[in-house]
Trainee: 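I'd like to ask you about the structure that follows.
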Amino acid sequence: MSIIELKEYNDGSMIKKLKEEEDCPKMLLTICNFAFTNMIQSLMAQLDAEFVSKPGRPAYPRTLLLIVVLYCFSIDITNYTKMEEECRKNKFLLIVTCGLKPTRNTFANFLNNSDAEIIKKVFVSTLVLLNDLHFLDFVKLFVDGTDALVRGSRYYKISVKELDALIQVHEWGLLHNNTSSSINRTINGLKEKLEIFENDKEMCKTINLALKRVKIYNYNVYSKKDIYLKVMVERDVDSVSITFPEACWMKTKRGIFDFAFNLQELMTENHIILAGILLAEPNDQKTIKYVLKNLYKTIELFIKMQREFGQRWNTREIRKRMREHILIADSGYFTTENLYYLFIHKINALIMPKKIAEEHNNKLRRENEHEEKRKDSNRKGFERVKNSYTCPIGRFMRHLDPIEINHRKPHEDDNLPDICKKKRHIFKTYSCKGCPRSENCIKIIEDRISDLIFDMTNKFLDKRHNIHYKSRFSRSEGINGFLKGDDGILKLIGTTKNTVDNEIQLRNTIYNLTRQVNLTDTAYLTLKHY
């Protein structure tokens with residue numbers, strides 16, 4: 001197999017033709033210029049090299065497919081068939097493809113089979129370009145997650161018992177190949193087995209289970225049995241998606257459970273994505289370690305590419321800024337696991353405590369005349385402030401030395417480091433003299449929390465730090481909103497982990513390219529040089 005030779009790509013006439021079109025979208029020209037940089041061309045050459053020794057029809061140049069996929073993502077086309085249609089009707093893409101018309105399978109194979117490390121480098125190339133334009137800033141880093149739904153019905157899953165039945169049906173040689181005649185043969189064979197094992201209750205249950213959903217007992221599903229079993233054991237779950245076993249069963253933003261990935265994005269203060277990763281975690285409670293490992297790996301790759309292809313020699317400054325950055329996250333990340341990881345790695349972070357988030361949400365509920373959560377709490381009127389509480393009339397309460405809790409029975413805290421163990425943090429009023437509520441006041445508040453949680457709560461309530469958190473919402477929601485479709489849902493188009501990983505890297509690539517255009521068109525570039 002070889003690569004289709006396109007003269008228009010080699011002599012630059014393709015881009016020239018696009019520029020001659022007065023109404024050519026600016027984003028398409030930006031993508032083309034990006035695709036023909038030395039960085040991207042070296043990466044595409046690596047992908048093209050995979051076809052040199054393979055037999056078959058000539059393959060499309062990877063540069064061509066990269067441009068089309070990125071442009072389709074930029075205009076919210078996230079469907080292989082629609083990509084194919086766009087190549088047939090869009091006059092600008094007809095110039096890009098030199099009149100060729102790639103099919104949906106071509107785009108599917110591009111995302112399915114492209115090396116994930118190379119595609120990630122495509123994304124990292126945007127960081128090099130943005131850094132050369134003085135747009136990268138590492139002082140504040142914002143992390144946020146959203147659910148990314150996969151192509152797999154939440155009803156189309158296989159359980160542990162069905163997996164056992166699948167293996168048994170295979171041993172009997174009764175798997176089908178999805179044709180009507182083959183399915184009928186399977187049904188008849190299972191009914192015969194039912195007669196043979198009529199006195200074996202457990203075997204009859206297995207056979208009836210197979211008859212109930214006979215369509216899933218085919219060779220294609222059986223070929224994935226090891227993956228199903230591995231995921232079930234690793235996550236300690238009793239069912240997985242048939243079409244996408246690596247996906248996680250999680251509660252989505254719509255309030256229902258579905259198969260999805262937890263997309264974690266790290267962004268800078270001026271709305272640039274630094275790193276993105278898909279995790280099989282149902283929420284944000286244990287994600288910080290994965291997010292930061294991915295970030296540091298991305299930064300090392302970025303520095304390497306900056307030295308090789310970039311115009312600026314500021315790698316020492318980048319490393320220094322990364323050491324000094326502050327990581328900002330919402331209350332979903334406020335867990336012992338996340339806080340301890342930040343503590344032992346000496347990472348400066350600001351995470352909203354859950355109780356403060358709850359108080360803030362209750363305030364919004366009151367303003368909108370909605371029912372509050374925990375409305376009957378005996379702490380009503382008491383406000384948590386730095387190192388203390390204030391009572392309903394505004395008087396500070398004294399924080400006593402924390403007291404260790406001695407559990408009589410084995411407890412989940414027993415094997416934790418001391419800083420992670422819950423302790424009795426007691427707050428007591430200094431004086432109630434002259435207070436009209438003195439007789440009915442609780443006077444003492446006790447929080448059973450770890451030192452880690454106590455320290456982060458105080459840090460968040462420090463005005464010097466809290467000011468950083470206020471800008472989090474616009475950064476994270478703006479980026480997640482860009483990635484989601486018109487219906488407010490991010491739907492991945494791939495059906496393998498490699499495919500969706502590549503998809504996210506390319507979606508993040510187009511986001512950063514769009515951000516580059518927006519920043520360049522504003523006064524930001526001018527201001528950065530003063």
Trainee: Taking the side chain as everything from C-beta on, heavy atoms only, tell me whether F123 gets closer than 4.5 Å to I504.
Mentor: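 A side-chain contact is absent here, since even the closest heavy-atom pair is not under 4.5 Å.
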Trainee: Is there a donor-acceptor pair closer than 3.5 Å between any side-chain N or O of H345 and the backbone N or O of L342?
Mentor: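 Checked: no pair found.
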Trainee: Do T81 and R104 have side-chain N/O donor and acceptor atoms under 3.5 Å apart?
Mentor: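 Per modelled atom types, T81 and R104 side chains form a pair under 3.5 Å.
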Trainee: Tell me, which pairs form a salt bridge (charged side-chain N to carboxylate O under 4.0 Å, His left out) where one or both residues lie in residues 157-175, sequence neighbours left out?
Mentor: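 Salt bridge (charged side-chain N to carboxylate O under 4.0 Å, His left out) check on residues 157-175 returns E162-R213.
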Trainee: Which atoms form the tightest heavy-atom contact between V221 and I242, and what is the distance?
Mentor: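 Here V221 and I242 meet closest at CG2-CG2, 4.0 Å.
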Trainee: Within the 4.5 Å heavy-atom criterion, are M232 and L163 side-chain neighbours or not?
Mentor: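 In short, these two side chains touch, coming nearer than 4.5 Å.
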Trainee: Say whether Q264 and N262, considering side chains only, have a donor N or O and an acceptor N or O under 3.5 Å apart.
Mentor: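 Present: a donor and an acceptor within the cut-off.
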Trainee: Checking side chain to side chain contact (heavy atoms under 4.5 Å, CB included) for the pair L263/L492: CA distance, chi angles, key distance, verdict?
Mentor: CA-CA 11 Å; L263 172 60; L492 301 171; over 6 Å; no
Trainee: Is D236 atom CG crowded by more than 12 heavy atoms from other residues, nucleotides or ligands, each under 6.0 Å away?
Mentor: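 Incorrect, the count does not exceed 12.
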Trainee: Is it true that a side-chain atom of T97 and a backbone atom of K101 form a donor plus acceptor pair closer than 3.5 Å?
Mentor: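 Answer holds: no.
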Trainee: Is any side-chain heavy atom of V500 less than 4.5 Å from a side-chain heavy atom of F261?
Mentor: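 In short, these two side chains touch, coming nearer than 4.5 Å.
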Trainee: Answer with yes or no after comparing the ring centroid distance for F92 and Y71 against a 6.0 Å cut-off, counting only values under it.
Mentor: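 Ring centroids of F92 and Y71 are no less than 6.0 Å from each other.
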Trainee: Check for me whether K121 meets the cation-pi criterion with F302, that is, NZ or CZ under 6.0 Å from the six-membered ring centre and within 45 degrees of the ring axis.
Mentor: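 Pair K121/F302 does not count as cation-pi.
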Trainee: Could you give the distance from CG (L452) to SG (C420), rounded to the nearest 0.5 Å?
Mentor: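 Reported to 0.5 Å precision, the distance equals 4.5 Å.
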Trainee: Any donor and acceptor pair, going by atom type alone, linking the side chain of N270 with main-chain N or O of F135 inside 3.5 Å?
Mentor: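 It does hold such a pair.
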Trainee: If you draw the axis of the six-membered ring of F259, does the NZ or CZ of R154 fall within 45° of it and under 6.0 Å from the ring centre?
Mentor: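 No, cation not above the ring by the 6.0 Å, 45° rule.
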Trainee: Given side chains that start at C-beta, do those of L136 and I318 come closer than 4.5 Å, heavy atoms only?
Mentor: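 The answer is no; the side chains never approach within 4.5 Å.
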Trainee: For a 4.5 angstrom cut-off between non-hydrogen side-chain atoms, does M305 reach L127?
Mentor: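 Counting from C-beta outward, M305 and L127 never come under 4.5 Å.
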Trainee: So which atom in D115 and which in L47 form the shortest heavy-atom distance, rounded to 0.1 Å?
Mentor: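 Shortest heavy-atom contact: N-CD2, 3.9 Å.
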Trainee: For residues K286 and T335, determine if any side-chain heavy atom of one lies less than 4.5 Å from a side-chain heavy atom of the other.
Mentor: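 Sidechains of T335 and K286: no contact.
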Trainee: For G494 and Y80, which heavy atoms make the closest approach, and how far apart are they?
Mentor: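 Looking at all heavy atoms of both residues, the shortest contact is CA-OH, 4.1 Å.
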Trainee: Given the rule in the side chain to side chain contact (heavy atoms under 4.5 Å, CB included) test, do V128 and M39 qualify, once you have shown the distances and angles that lead to the verdict?
Mentor: CA-CA 9 Å; V128 176; M39 280 187 297; 3.8 Å; yes
Trainee: Could you tell me whether the side chain of S331 and the main chain of A357 form a donor-acceptor pair under 3.5 Å?
Mentor: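 Not confirmed, S331 side chain does not pair with A357 backbone.
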Trainee: What residue among L266, L350, N348 forms side-chain contact (heavy atoms from CB on, under 4.5 Å) with L327?
Mentor: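 Only one option passes, and that is L266.
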Trainee: Looking at K17, I'd like to know if its NZ atom is crowded, meaning that more than 12 non-hydrogen atoms belonging to other residues, nucleotides or ligands lie closer than 6.0 Å.
Mentor: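 Not more than 12 within 6.0 Å, no.
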Trainee: Nearest 0.5 angstrom please: K297 NZ to I277 CD1, how far?
Mentor: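 Rounded to the nearest 0.5 Å, the NZ-CD1 separation comes out at 8.5 Å.
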Trainee: Ignoring hydrogens and geometry beyond distance, is a side-chain donor-acceptor pair present between N177 and S182 at under 3.5 Å?
Mentor: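 Yes.
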Trainee: Quick one: does N512's side chain have a donor or acceptor within less than 3.5 Å of a partner on T126's backbone?
Mentor: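 Judged by distance alone, no pair lies under 3.5 Å.
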Trainee: Would you say N338's side chain and Y333's backbone share a donor-acceptor pair under 3.5 angstrom?
Mentor: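 Pair found, side chain donor or acceptor close to backbone of Y333.
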Trainee: Is any side-chain heavy atom of V214 closer than 4.5 Å to one of I187?
Mentor: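 Result yes, sub-4.5 Å side-chain heavy-atom pair found.
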Trainee: Hey, is the main chain of V96 close enough, under 3.5 Å, to the side chain of Y9 for a donor-acceptor pair?
Mentor: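 Side chain of Y9 to backbone of V96: a pair is present.
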Trainee: Is there a donor-acceptor contact under 3.5 Å linking the side chains of Q306 and T315?
Mentor: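 Judged by distance alone, the side chains do not pair up.
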Trainee: Are the charged groups of K491 and D147 less than 4.0 angstrom apart, N to O?
Mentor: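 The answer is no: the pair does not qualify as a salt bridge.
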Trainee: Are E269 and K140 close enough, and set up right, to give a salt bridge (charged side-chain N to carboxylate O under 4.0 Å, His left out), and what steps lead you there?
Mentor: CA-CA 6 Å; E269 189 174 10; K140 300 177 189 176; 3.3 Å; yes
Trainee: Answer with yes or no whether the side chains of T496 and N498 bring together a donor and an acceptor at under 3.5 Å.
Mentor: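 Looking only at side-chain atoms, T496 and N498 do not form any donor-acceptor pair under 3.5 Å.
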Trainee: Is the NZ or CZ atom of K225 positioned over Y222's six-membered ring, under 6.0 angstrom from the centre and within 45° of the axis?
Mentor: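 Satisfied, under 6.0 Å and within 45°.
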Trainee: Do T499 and N112 meet the criterion of a side-chain donor-acceptor pair at a distance under 3.5 Å?
Mentor: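 Per modelled atom types, T499 and N112 side chains form a pair under 3.5 Å.
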Trainee: Does one side chain, of N508 or E265, offer a donor that lies under 3.5 Å from an acceptor on the other?
Mentor: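 There is such a pair between these side chains.
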Trainee: Just by modelled atom types, is the Q311 backbone N or O under 3.5 Å from a matching donor or acceptor in the D132 side chain?
Mentor: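 Yes, D132 side chain to Q311 backbone: donor-acceptor pair under 3.5 Å.
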Trainee: Could you check C87 against L100 for side chain to side chain contact (heavy atoms under 4.5 Å, CB included), going step by step and ending with a plain yes or no?
Mentor: CA-CA 8 Å; C87 287; L100 299 174; over 6 Å; no
Trainee: What's the verdict on salt bridge (charged side-chain N to carboxylate O under 4.0 Å, His left out) for R321 and E324, showing C-alpha distance, side-chain angles and the deciding distance?
Mentor: CA-CA 5 Å; R321 292 300 182 191; E324 297 172 348; 3.5 Å; yes
Trainee: Do other residues, nucleotides or ligands put more than 12 heavy atoms under 6.0 Å from K354 NZ?
Mentor: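 It does: K354 NZ has more than 12 such atoms within range.
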Trainee: Would a distance-only check, ignoring hydrogens and angles, find a side-chain to backbone donor-acceptor pair under 3.5 Å from T298 to A275?
Mentor: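 Not a single qualifying donor-acceptor pair exists.
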Trainee: Could you go through E84 and R88, starting from their C-alpha distance and side-chain angles, then the distance that decides it, and tell me whether this counts as salt bridge (charged side-chain N to carboxylate O under 4.0 Å, His left out)?
Mentor: CA-CA 7 Å; E84 177 183 336; R88 294 178 184 277; 3.3 Å; yes
Trainee: With sequence neighbours excluded, tell me which residues meet salt bridge (charged side-chain N to carboxylate O under 4.0 Å, His left out) with D226.
Mentor: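 With sequence neighbours excluded, D226 shows a salt bridge (charged side-chain N to carboxylate O under 4.0 Å, His left out) to no residue whatsoever.
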Trainee: Does anything in residues 298-309 form a salt bridge (charged side-chain N to carboxylate O under 4.0 Å, His left out)? List the pairs, not counting sequence neighbours.
Mentor: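 Qualifying pairs: E300-R319.
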Trainee: For L28 versus I67, what's the shortest heavy-atom pair and its separation?
Mentor: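 Looks like CD1-CG2, 4.1 Å.
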Trainee: Could you walk me through whether F73 and Y511 satisfy the ring pair (Phe, Tyr, Trp, His ring centres under 6.0 Å) test, starting with their C-alpha distance in whole Å, then the side-chain angles of each, then the deciding distance to 0.1 Å, before giving a yes or no?
Mentor: CA-CA 9 Å; F73 282 162; Y511 175 88; over 10 Å; no
Trainee: Would you say that C24 contacts L29 through its side chain, given a criterion of any heavy-atom pair below 4.5 Å between the two side chains?
Mentor: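 The answer is yes; the side chains approach within 4.5 Å.
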Trainee: Could you check whether any side-chain N or O of D258 sits under 3.5 Å from a backbone N or O of W249, counting only pairs where one atom can act as donor and the other as acceptor?
Mentor: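 No; zero donor-acceptor contacts below 3.5 Å.
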Trainee: Would you say N131 and N314 are linked by a side-chain donor-acceptor pair, where the criterion is simply a distance under 3.5 Å?
Mentor: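 Side chains of N314 and N131: pair found under 3.5 Å.
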Trainee: Between T336 and L339, is a side chain to side chain contact (heavy atoms under 4.5 Å, CB included) present by the stated rule, with each step listed?
Mentor: CA-CA 5 Å; T336 298; L339 293 178; 5.9 Å; no
